[in-house]
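What follows is one structure encoded as C-alpha cells, with my remarks underneath.
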Amino acid sequence: MTGQEIVVENPDIIEVDINSEVLPCKNTINLLNLGLISDENVNTPTVLLILNQHIDIGQLFIKLWQNSSIRVCADGAANRLYDFFQDDEERLKFIPDYIIGDLDSIKEDVFKFYQSLNVVIIKQTTQYSTDFTKCVNLISVHYNSPSFREYIQQNKSEKNHGIELESGIHQLYNEMIQNIESVGTIPCINLMVINGIGGRFDQTIHSITQLYLLKRQDPYFQMSFITNTDIIILIPKGGTMLEFDSKFRQKCIGNCGLLPIGEPTTIIETCGLKWDVKHWDTNISSGKVSSNNRFVGQDRCYFYVKDDLVLNIEIFLDNIIEYI
Ligand SMILES: Nc1ncnc2c1ncn2[C@@H]1O[C@H](COP(=O)(O)OP(=O)(O)OP(=O)(O)O)[C@@H](O)[C@H]1O
Ligand SMILES: Cc1ncc(C[n+]2csc(CCO)c2C)c(N)n1
C-alpha cells in the first residue's frame, strides 16, 4: 500500500479516534501496565530483570520491585542489587528469585550472601549466549514448564540445582518450546528490564536485538526497557494503540522517537503525535527518522507500521515516582 507522504503538525492536544473498519488495531499497549503499577492490578505477571549496570533510577527501583512477581539478576547485576542498599536490614527485604549467568562478574561475598538466603543461583558457562538471554530463557521455563519449579525445589542440594552447567537452561527452554503446541497460546508476561541501555554500546545494541528477537521467538513477552530517561518498547508491525492516562502524559512523559533500528520501514499512519505522519518511509541510514516528536493525543496514540519499530518515550523520573 502506498500513498502520498504527509506530515501534519497537530495542536498540543487532540482526541484520537480510530475507525477500526478502515485502520487495523490488533495490539493495545498500556504504558502503565508495563510494570509501572502492581501486577496484582493487571492480569499479567510482571518480571523485573536486572542487568549489570549501576541502578540509577532511585526510588523507582523499589516501586518496580514491588510491582513484580519475580525478580531475576543477570550475573553481575546481583552486585548492583547488593550495592543499591546501605545495610543487610534493607537488603533482606529485596531478595531476588534467581541469579543466572556465567558467574564471572558476581563478587564472592555477594554470591555467598544470596546463596545463604536460598536464592536459586544457576551457573551457565556457554560463551555463545549472553547472560541476558540466559535470563530470558529462564523466565520462559519458570512460567511455562510446569515441572521446572518443582525440579528446582527437589534438586536444591544438587550441584547447580541439577541444571547442566554449560547451557542447560537453553536446553530446558528448547524442550519447553517443543512441548508447547503453539507459542501463540502462552499467556502474556510483562518483562521489565533495567540497566540494559546506555552503557557499553555492544551491550546496548544486544539489548535492542532482544526486543526484536523476542517479538518473533517468544511473543508472549511484553518487554520494555526502563532507564532514568526513557521507556523503550517495540511497536509491532500492524496497528497498535498505545494507551496512557491523560495526567500521566502531562506530568510523566516528554519527547518520543520512532526508531527503525532493525530495518528501514514505512510508517503507514500515526494519530496522536505532535507531528503525525502518513506513508512515511523511515530509514536510519538516510537519516529520515522521527525523533523529537511527542504525544498530543489526550490519552492514546495510534501507530500503523509496516515492520516492527522501536519507540522510546522520555520519562520524568521524579514525577513518575510521585505518580505511581
Ligand atoms: N555496560 C553495559 N551496558 C549495558 N548492558 C550491560 C552492560 N554490562 C552488562 N550488561 C548486561 O548485563 C548482563 C550481565 O552482565 P555481566 O557483566 O554480568 O556479564 P558479561 O560477562 O558482561 O555479559 P555476558 O556474560 O552476557 O557477555 C549482560 O548480558 C548485559 O545484558
Ligand atoms: C561470533 C561471536 N562473537 C562473539 C562471541 C562472544 N560471546 C558472545 S556471547 C558471550 C557470552 C559472554 O558471557 C560471548 C563471550 C561469540 N561466541 N561468537
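Every number for a ligand or one of its atoms is a count from 1 in the order of the listing.
With ligand atoms numbered from 1 in the order given, ligand 1 contributes 21 (O) to contacts under 4.0 Å with heavy atoms of Asp104. Distances below 4.0 Å separate heavy atoms of Gly199 from the following atoms of ligand 1: 3 (N).
With respect to atom 31 (O) of ligand 1, the closest heavy atom belonging to the protein is Phe132 CB, 3.5 Å. Nearest protein neighbour of atom 18 (O) of ligand 1, counting heavy atoms only, is Gly76 N, 3.0 Å. Counting only heavy atoms of the protein, atom 11 (C) of ligand 1 lies nearest to Leu51 CB, 3.7 Å. Of the protein's heavy atoms, Arg200 N, 3.1 Å lies nearest to atom 1 (N) of ligand 1. Scanning all protein heavy atoms for the shortest distance to atom 17 (O) of ligand 1 gives Asn52 ND2, 2.7 Å. The protein atom (non-hydrogen) at minimum distance from atom 12 (C) of ligand 2 is Gln127 OE1, 3.6 Å.
Within a 4.0 Å radius of atom 4 (C) of ligand 2, the protein contributes no heavy atom.
When the heavy atoms of Gln210, His206, Lys134, Gln203 are ranked by distance to atom 6 (C) of ligand 1, first place goes to Gln203. Which of Asp75, Asp131, Ile205, Val193 comes nearest to atom 26 (O) of ligand 1 through a heavy atom is settled by distance: it is Asp131.
Below 3.5 Å of separation, one finds an N or O of Ser105 facing an N or O of ligand 1. Looking at ligand 2, you won't find any N or O of Asp131 less than 3.5 Å from one of its N or O atoms.
With a 6.0 Å radius and a threshold of 12 heavy atoms from other residues, nucleotides or ligands, Asp17 has its CG atom at or below the threshold.
Under a cutoff of 6.0 Å and an axis angle of 45°, Arg71 and Tyr98 do not form a cation-pi pair.
Asn312 and Asp230 share a side-chain donor-acceptor pair at under 3.5 Å. Donor-acceptor pairing under 3.5 Å is lacking for the side chains of Tyr304 and Thr240.
When all heavy atoms are compared, the tightest approach of Pro264 to Asp307 is O-OD2, 3.9 Å.
With respect to the salt-bridge test (charged N to carboxylate O, under 4.0 angstrom), the residues Arg80 and Asp83 do not qualify. Note on Lys123 versus Glu164: no salt bridge recorded, every NZ/NE/NH1/NH2 to OD/OE distance being 4.0 Å or above. Salt-bridge check for Arg200 with Asp202: passed, with a basic side-chain N closer than 4.0 Å to an acidic carboxylate O. A salt bridge links Arg294 with Asp12; the closest basic N to acidic carboxylate O contact falls under 4.0 Å.
Contacts between Ile106 and ligand 1, counted as non-hydrogen atom pairs separated by less than 4.0 Å, are absent for every part of the residue. When heavy-atom distances to ligand 1 are checked against a 4.0 Å cut-off, Gln53 comes that close only through its side chain, counted from C-beta outward.
Contact analysis leaves Ala77 out of contact with ligand 1, as no non-hydrogen atom separation drops below 4.0 angstrom. The shell of residues lying under 4.0 angstrom from ligand 1, judged by heavy atoms, includes Asn195.
Using modelled atom types, one side-chain atom of Asp39 and one backbone atom of Thr46 make a donor-acceptor pair closer than 3.5 Å.
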(message) For a side chain to side chain donor-acceptor pair (under 3.5 Å) check, start with the C-alpha distance between Asp109 and Tyr82, then their side-chain angles and the critical distance, and finish with the verdict.
(response) CA-CA 10 Å; Asp109 57 333; Tyr82 186 94; 4.7 Å; no
